[in-house]
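One structure is given here, and the rest of the page talks about it.
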Amino acid sequence: LEASKEETERCKKELELAKQNLESQQLRFKSELSEKEEEKEKMREELQLTIKEKDKDIDRFVIKELSILNESQSLQKEITNTATMDTSLSEMHTSIIHARFTGISSLHSFRAFSRGTIIEGIPWAISIDKGDQQLGVYLNASVLPYKWSGSVVFKIHLISHKSDKIIRSMGGDSSITFSSTCTNWGVPNFISIEELFDDQLEFVKDDAIMLAAEVKVFVSS
C-alpha cells in the first residue's frame with residue numbers, strides 16, 4: 001500500500017511536470033507566432049513604402065515630361081516664325097531627345113554622346129564635354145548625306161534631380177543651318193563646373209546628369 005502511494009505521488013509529479021512543460025511550449029509557440037506576425041507586418045510596411053517610392057518615381061517622370069512639353073509649347077511661336085523665313089523649307093520634323101550621362105566627375109577633355117534619336121532618317125544626339133571650369137553642351141547630327149542642308153531650331157535643357165524641373169536651357173532663339181560641313185552646334189560654357197556640382201541644385205546625382213533636347217528640323221522641299 002505504501003508503495004502504491006509513492007507510485008501515485010510520483011505520477012502526480014510527472015503529470016505536473018508535463019503540464020508545466022506543455023504550458024512552457026505553448027508560451028514559446030505564442031511568442032514565436034507573435035514574432036512572425038511582427039516580421040510579416042514589417043515586411044508589409046516595407047513593401048508599401050517601396051510601392052510609394054516607385055509611385056513617386058513615376059510622378060517625377062511625368063512631371064519632367066510635362067515640364068518639357070510646356071517648354072515645347074512656348075517654343076512653337078519661334079518655330080512658326082522660323083519656318084516662314086524661307087518658303088523652301090516646307091517639311092518639319094520634330095522629336096525630343098532624352099539623355100543621361102554617367103561618370104560626370106571623371107569626364108574630362110573628351111566629348112561624350114547620348115544615344116542617337118532618328119529624325120528625318122538622321123541620327124541626332126546630345127553631346128557634352130567637361131573642361132576645368134565649364135561644361136559644354138551640343139546638338140549633333142551623326143551622319144549627314146552629301147549636300148544635305150536643313151534649318152534646325154532646338155533647345156537643350158539641364159534637368160535637376162531635386163525637382164525634375166528644367167533649370168537651365170540654351171538655344172531656341174533662332175534657326176541653325178546644319179549641313180554635311182556643319183554637323184554640330186552648341187556652347188562650350190553652358191554651365192560652370194562649380195554650379196553643376198552645387199549640392200543644393202542637384203544637377204548631379206549618383207555621378208550622373210539628365211539632359212533633354214527639343215529638336216525641330218526643317219528640310220528643303
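Scope of the values below: all heavy atoms of this structure, side chains included, with no hydrogens, waters or symmetry mates.
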- Query: For Ile119, does its backbone N or O pair with a side-chain atom of Trp124 as donor and acceptor, under 3.5 Å?
  - Reply: yes
- Evaluation steps, side chain to side chain contact (heavy atoms under 4.5 Å, CB included), between Glu45 and Glu41: CA-CA 6 Å; Glu45 291 175 355; Glu41 183 63 26; 3.8 Å; yes
- Message: Please check: side-chain N/O of Asp206 versus main-chain N/O of Ala208, any donor-acceptor pairing under 3.5 Å?
- Response: no
- Are Glu16 and Lys19 within salt-bridge range, i.e. N to O under 4.0 Å? no
- For Leu196 and Val204 the tightest heavy-atom approach is O-CG2, 3.5 Å
- Where is the tightest heavy-atom contact between Lys130 and Phe197, given as atom of each residue plus distance? CD-CE1, 4.4 Å
- Item | Option among Lys205, His98, His161, His157 that satisfies the side chain to side chain contact (heavy atoms under 4.5 Å, CB included) test with Met210 | His161
- Below 4.5 Å, heavy atoms only, C-beta onward: do Ile191 and Val137 meet side chain to side chain? no
- Query: Could you state the interatomic distance from OG1 (Thr94) to CD (Glu214), rounded to the nearest 0.5 Å?
  - Reply: 8.0 Å
- Query: What is the minimum heavy-atom distance between Phe113 and Phe101, and which atoms define it?
  - Reply: C-CE2, 3.6 Å
- Query: Going only through I, L, V, M, F, W and Y residues with side-chain contacts under 4.5 Å, is there a path from Ile176 to Tyr138?
  - Reply: no
- What one should report as the nearest heavy-atom pair of Val215 and Phe154 is CA-CB, 4.1 Å
- Message: Please check this pair: side chain of Ser114 against backbone of Ile126, looking for a donor-acceptor N/O pair closer than 3.5 Å.
- Response: yes
- Note on the structure: To the nearest 0.5 Å, atom CG of Leu144 lies from atom OG1 of Thr181 at 9.0 Å
- Query: Is Glu39 atom CD crowded by more than 12 heavy atoms from other residues, nucleotides or ligands, each under 6.0 Å away?
  - Reply: no
- Validation row: Thr177, Ser149 side chains within 4.5 angstrom (heavy atoms): yes
- Message: With side chain to side chain contact (heavy atoms under 4.5 Å, CB included) as the criterion, how do Ile122 and Trp148 come out once you've worked through the C-alpha distance, each side chain's angles and the decisive distance to 0.1 Å?
- Response: CA-CA 11 Å; Ile122 296 169; Trp148 185 95; 3.6 Å; yes
- So how far is it from Leu211 CG to Ser169 OG, rounded to the nearest 0.5 Å? 10.0 Å
- Task: Give the cluster check for Ile118 versus Phe178: same hydrophobic cluster or not, with ILVMFWY residues linked at side-chain heavy-atom distances below 4.5 Å.
- Result: no
- First locate atom CD of Glu194, then atom CD of Gln134, and finally report the distance between them rounded to the nearest 0.5 Å. 10.5 Å
- Query: What is the distance from atom CG of Asp207 to atom CG of Leu107, rounded to the nearest 0.5 Å?
  - Reply: 9.5 Å
- Task: Tell me, with the steps shown, if Ile97 and Leu139 meet side chain to side chain contact (heavy atoms under 4.5 Å, CB included).
- Result: CA-CA 10 Å; Ile97 303 171; Leu139 176 68; 4.1 Å; yes
- Task: Kindly work out whether a path of hydrophobic side-chain contacts (I/L/V/M/F/W/Y, heavy atoms less than 4.5 Å apart) joins Ile156 to Val152.
- Result: yes
- Task: Mind running side chain to side chain contact (heavy atoms under 4.5 Å, CB included) on Leu135 and Ile104 for me, showing each step along the way?
- Result: CA-CA 10 Å; Leu135 178 77; Ile104 296 300; 5.9 Å; no
- Item | Pairwise distance CD(Gln26) to OG(Ser24) - rounded to 0.5 angstrom | 9.5 Å
- Item | Nearest non-hydrogen partners of Ile193 and Gly131, listed with the distance | CG1-O, 3.7 Å
- Query: What closest approach, in Å, do Arg111 and Ser127 show between heavy atoms, and which atom pair accounts for it?
  - Reply: CD-OG, 3.2 Å
